[in-house]
Amino acid sequence: MQICTSFFRAPGRLLVAMAFFTSCVAWSSNPIIDEAFTADPAALVDGDTVYLYTGHDVAPNNDKFFEMHDWLAYSSRDMKTWQSHGPILKATDFKWAKGDAWASHMIKHRGRYYFFVTVRHNEQKPGFAIGLAVADSPLGPFKDALGHALINNEMTQHTRNDWDDIDPAVFIDSDDQAYLFFGNLVPKMVKLSKDLRSLAGPIEVLDLPRFTEASWLHKHKEWYYLSYACDFPEKICYSRSKSIQGPWQFEGILNEVAGNSETNHQAIIEFKGNSYFIYHNGVLPPVNGQPSGGRFRRSVAIERLYYLPDGRMQPVMMTSAGVQ
Ligand code: CA
């Protein structure tokens, strides 16, 4: 299915009228998806395709808390038109999990697809945990790779919160060493084994100013960039280093508070020569019989990302036009 209902949200009567007579293929605006509420984007570039994995906000009343049961997948070959592939996994597909399909991260390794996810563990290890599912295709079918959590709440004791081990982000360096970044309030990093299925070292605490959550590690030229949600309501900040071991040099705010959402969560990719900043906001108007967006009903948006000559990332301006 092609997602092109953004026509009807085009500002101004003239644009709307024009949209009816224009092919939907080349048009895209933020938020990029309106068939469902999508949050916590994680993007994977695989050949000539970008796969976008998102959480799935339900929150019928938008006044209590997040309600998220499964993860959705989308794909694009141009960053403008997106194909929906529906839910690819539920939190309760992990037999040890109670629910809460929170932020995820997909990575390709040796021809297979590894989906690291945040879920709420059952009463055996209460609190939020990180699980791992694996598939032979980027769209699944995904199955629990371990039969247990990769990270559970008992494994870190830096805060009293039972959600301090959320938001996995995996990066495999050029020497084939894989790293898992994660955490809420306290940023953490741990080496993974060669098969990504176990930890290969101690969990280290990183020094990242104003850290809240949503780590994302990417490399561009000679720099490693560690971006994350900072403060609350959340902005996106980042630090950079020429070594993945740090020390991390704080570079400030990359993106301000996203409209109508006190959380944010970014994915940063390079695709066909351009860089992109993928995030969420809460501004989706009521469409398709759905209620409007909000703090617990978020939607993924995309902007171009540019680097300055000294390697810093240029602050991202959020737009409704998106990637044109
Ligand atoms: Ca913990």
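Of all non-hydrogen atoms in Gly99 and Ala91, the two that sit nearest each other are C-CB, 3.5 Å. Across every non-hydrogen atom of Phe94 and Ala133, the tightest pair is CZ-CB, 3.9 Å. Heavy atoms only, all atoms of each residue included: Val50 and Ala43 are closest at CG1-CB, 4.3 Å. In terms of heavy-atom proximity, Pro31 sits nearest to Leu284 at CG-CD1, 4.0 Å. The two residues Trp163 and Ile166 make their nearest non-hydrogen contact at O-CG2, 3.3 Å. Of all the heavy atoms in Ser29 and Ser320, the pair that sits closest is CB-O, 3.2 Å.
The number of heavy atoms from other shown groups lying within 6.0 Å of CD (Gln124) does not exceed 12. More than 12 heavy atoms of other residues, nucleotides or ligands sit less than 6.0 Å from atom NZ of Lys219.
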For residues 104-111, which side-chain N or O atoms pair as donor and acceptor with protein atoms under 3.5 Å away, sequence neighbours left out?
| residue | atom | partner | partner atom | Å |
| --- | --- | --- | --- | --- |
| His105 | NE2 | Val170 | O | 3.2 |
| Lys108 | NZ | Asp46 | OD1 | 2.9 |
| Lys108 | NZ | Tyr113 | OH | 3.4 |
| His109 | NE2 | Lys194 | O | 2.8 |
| Arg110 | NH2 | Asp176 | OD2 | 3.3 |

* Would Asp100 and Phe66 count as a side chain to side chain contact (heavy atoms under 4.5 Å, CB included) if you check the C-alpha gap in whole Å, the side-chain angles of each, and the deciding distance to 0.1 Å? -> CA-CA 8 Å; Asp100 289 327; Phe66 303 105; over 6 Å; no
* To do: For the pair Ser193 and Ser198, evaluate side-chain hydrogen bond (donor to acceptor under 3.5 Å, both in side chains) and give the outcome as yes or no after the intermediate values.
  => CA-CA 5 Å; Ser193 58; Ser198 59; 3.0 Å; yes
* Verdict with supporting geometry, Leu52 and Thr38, side chain to side chain contact (heavy atoms under 4.5 Å, CB included) -> CA-CA 10 Å; Leu52 173 66; Thr38 53; over 6 Å; no
* Asked: Please walk me through it: do Ser75 and Gln83 pass side chain to side chain contact (heavy atoms under 4.5 Å, CB included)?
  -> CA-CA 5 Å; Ser75 67; Gln83 184 176 4; 3.9 Å; yes
* Asked: Would Ile269 and Leu44 count as a side chain to side chain contact (heavy atoms under 4.5 Å, CB included) if you check the C-alpha gap in whole Å, the side-chain angles of each, and the deciding distance to 0.1 Å?
  -> CA-CA 8 Å; Ile269 58 167; Leu44 170 72; over 6 Å; no
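To the nearest 0.5 Å, the span separating CZ on Arg304 from CG on Asn274 amounts to 3.5 Å. A distance of 10.5 Å separates OG of Ser241 from CD of Glu251, quoted to the nearest 0.5 Å. Remark: Glu303 CD to Thr319 OG1 distance equals 3.5 Å, nearest 0.5 Å. Considering OG of Ser239 and CG of Leu254, their distance stands at 11.5 Å, rounded to 0.5 Å. Atoms CG and CG, on Leu196 and Leu150 in that order, are 9.5 Å from each other to the nearest 0.5 Å. Note that the CE atom of Met79 and the OG1 atom of Thr81 stand 10.5 Å from one another [nearest 0.5 Å].
Using a 4.5 Å heavy-atom threshold, the side chains of Leu89 and Asp70 count as separate. A heavy-atom distance below 4.5 Å is found between the side chains of Val58 and Pro60. Under the 4.5 Å side-chain criterion, counting only non-hydrogen atoms from C-beta, Gln157 is in contact with Glu154. Between Asn161 and Leu185 the shortest side-chain heavy-atom distance falls below 4.5 Å. Side-chain contact between His56 and Met68: absent, with no pair of heavy atoms (C-beta onward) separated by less than 4.5 Å. In this structure, Leu192 and Leu199 have side chains that are in contact, with non-hydrogen atoms separated by less than 4.5 Å. Looking at Val205 and His158, their side chains come closer than 4.5 Å, going by heavy atoms from C-beta outward. Side-chain contact between Arg197 and Leu146: present, with at least one pair of heavy atoms (C-beta onward) separated by less than 4.5 Å.
In the hydrophobic cluster analysis, where Ile, Leu, Val, Met, Phe, Trp and Tyr join through side-chain heavy atoms closer than 4.5 angstrom, Leu206 is grouped together with Phe250. Hydrophobic clustering (ILVMFWY, side-chain heavy atoms < 4.5 Å, transitive): Met313 and Tyr306 are in distinct clusters. Cluster membership for Val257 and Phe232, using ILVMFWY side-chain heavy atoms within less than 4.5 angstrom, is not shared. Follow the hydrophobic side-chain contacts under 4.5 Å out from Ile130 and you reach Ile172 in the same cluster. Linking Ile, Leu, Val, Met, Phe, Trp and Tyr whenever their side-chain heavy atoms come within less than 4.5 Å puts Ile278 and Trp216 in one cluster.
Taking the six-membered ring for Trp, His220 and Tyr307 have ring centres closer than 6.0 Å.
Remark: side-chain polar atoms of Glu213 are not paired, donor with acceptor, to backbone N or O of Glu234 under 3.5 angstrom. Although no hydrogens or angles enter the test, the distance criterion places a donor-acceptor pair under 3.5 Å between the side chain of Ser76 and the main chain of Asp78. Remark: side-chain polar atoms of Asp175 are paired, donor with acceptor, to backbone N or O of Gln177 under 3.5 angstrom. Asp167 places a side-chain N or O within 3.5 Å of a backbone atom of Ala214 that can act as its donor or acceptor partner. With Asn288 contributing its side chain and Gln290 its backbone, the two residues share no donor-acceptor pair below 3.5 Å.
Taking the six-membered ring where the residue is Trp, Tyr238 and Tyr225 present tilted rings, their angle falling between 30° and 60°.
Applying the ring pair (Phe, Tyr, Trp, His ring centres under 6.0 Å) test between Trp71 and each of Tyr53, Phe115, Trp102, Tyr51 identifies Phe115 as the sole match.
For Thr118, there are no side-chain hydrogen bond (donor to acceptor under 3.5 Å, both in side chains) partners two or more places apart in sequence or in a different chain.
Residue pairs meeting the ring pair (Phe, Tyr, Trp, His ring centres under 6.0 Å) criterion with at least one partner in residues 176-206, sequence neighbours excluded, do not occur; the list is empty. Pairs engaging residues 186-212 under the ring pair (Phe, Tyr, Trp, His ring centres under 6.0 Å) rule: Phe211-Tyr228 [sequence neighbours left out]. Annotation: ring pair (Phe, Tyr, Trp, His ring centres under 6.0 Å) contacts involving residues 270-291, sequence neighbours excluded, comprise Phe277-Tyr279. Residue pairs meeting the salt bridge (charged side-chain N to carboxylate O under 4.0 Å, His left out) criterion with at least one member in residues 256-274, sequence neighbours excluded: Glu262-Arg295.
Here Glu204 does not pair with Lys191 in a salt bridge; the nearest charged N to carboxylate O distance is not below 4.0 Å. Electrostatic pairing of Asp57 and Arg297 does not count as a salt bridge here, judged by no charged N lying under 4.0 Å from a carboxylate O.
Between the side chains of Thr156 and Asp165, at least one donor-acceptor pair of N or O atoms lies under 3.5 Å. For Gln266 and Ser227, the side-chain atoms include at least one donor-acceptor pair closer than 3.5 Å. The closest side-chain donor-acceptor pair between His121 and Asn152, if any, does not fall under 3.5 angstrom. Side-chain atoms of Thr159 and Asp164 form a donor-acceptor pair, as typed in the model, at a separation below 3.5 Å.
Taking the centre and axis of the six-membered ring of Trp96, the NZ or CZ atom of Lys125 falls outside the cone set by 45° and 6.0 Å.
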